[in-house]
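Quick caveat: nothing in here was measured; it's all calculated off a predicted structure. Values reported hereafter were calculated over all heavy atoms of this structure, with side chains retained and with hydrogens, waters and symmetry mates removed.
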Amino acid sequence: MSRLDTKALSTEIRSSKAQRARQMSLDESLTAGAKLYAEQRQLTRSLVSGLHPNWTYAKVDGEMFRREDLIRQRNTKKFYRPVISMDDQPVKSS
């Protein structure tokens, strides 16, 4: 299979997946989202456990929390900024 054929096949697969997603009802989308999230967590947990076989379950949980927190910070950074600091003082605008 040539590079052009591979690219065309890849584009077709993405297109068909997008089409199926557009045809989903809201209930199906929400269910699929929760399912994908659970699968992603399970895969990430397996990855972390595989990279650190000597870690306890609690330590793997801590790493999972740390990674989720980093993602949450990255995703909300562009939408939210602090207005009041921890000591109830206004934060200077940048």
Side-chain angles (χ1 to χ4, degrees):
M1 186 177 278
S2 73
R3 183 180 162 119
L4 289 175
D5 291 340
T6 304
K7 187 172 181 175
L9 179 61
S10 177
T11 301
E12 178 61 32
I13 289 171
R14 279 194 307 270
S15 177
S16 66
K17 284 182 179 181
Q19 184 62 31
R20 282 195 315 252
R22 281 192 287 274
Q23 292 173 351
M24 284 183 172
S25 69
L26 179 59
D27 189 45
E28 290 171 325
S29 294
L30 291 173
T31 303
K35 213 173 185 179
L36 287 171
Y37 177 76
E39 289 175 9
Q40 173 270 329
R41 280 191 53 85
Q42 190 173 29
L43 286 171
T44 303
R45 179 176 294 285
S46 295
L47 172 72
V48 171
S49 295
L51 290 173
H52 306 283
N54 58 333
W55 281 12
T56 63
Y57 192 80
K59 194 155 185 174
V60 171
D61 266 353
E63 176 63 12
M64 294 288 292
F65 180 77
R66 185 188 75 79
R67 289 174 181 221
E68 287 178 347
D69 193 45
L70 288 172
I71 291 168
R72 192 176 305 109
Q73 287 175 21
R74 184 194 70 208
N75 290 342
T76 59
K77 186 177 183 180
K78 56 188 162 210
F79 300 113
Y80 304 102
R81 65 177 182 79
V83 178
I84 297 179
S85 67
M86 296 300 267
D87 55 356
D88 292 334
Q89 298 298 316
V91 173
K92 293 179 183 175
S93 298
S94 52

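Between the CG atom of L9 and the CZ atom of R14 there is a distance of 10.0 Å, given to the nearest 0.5 Å. Here E68 contributes atom CD and N75 contributes atom CG; the two are 11.5 Å apart, rounded to the nearest 0.5 Å.
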Run the side chain to side chain donor-acceptor pair (under 3.5 Å) test on T44 and Q40 for me, step by step, so that the C-alpha distance in whole Å, both residues' side-chain angles and the decisive distance to 0.1 Å come before the verdict.
CA-CA 6 Å; T44 303; Q40 173 270 329; 3.1 Å; yes

Start with the C-alpha distance between L47 and L43, add both sets of side-chain angles, then the distance that settles side-chain contact (heavy atoms from CB on, under 4.5 Å), and finish with yes or no.
CA-CA 6 Å; L47 172 72; L43 286 171; over 6 Å; no

Check against side chain to side chain donor-acceptor pair (under 3.5 Å), Q19 and R22:
CA-CA 5 Å; Q19 184 62 31; R22 281 192 287 274; 3.2 Å; yes

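Q23 places no side-chain N or O within donor-acceptor distance of the main-chain N or O of R20, the cut-off being under 3.5 Å.
The existence of a salt bridge linking E63 and R67 is confirmed by a sub-4.0 Å separation between a basic side-chain nitrogen and an acidic carboxylate oxygen. Electrostatic pairing of R72 and D69 counts as a salt bridge here, judged by a charged N lying under 4.0 Å from a carboxylate O.
For Q42, the CD atom counts as loosely surrounded, since its 6.0 Å shell holds 12 or fewer non-hydrogen atoms of other residues, nucleotides or ligands.
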Report all side-chain donor-acceptor pairs from residues 48-57 shorter than 3.5 Å, counting only partners two or more places apart or in another chain.
{"residue": "S49", "atom": "OG", "partner": "R45", "partner atom": "O", "Å": "3.0"}
{"residue": "T56", "atom": "OG1", "partner": "K59", "partner atom": "N", "Å": "3.1"}

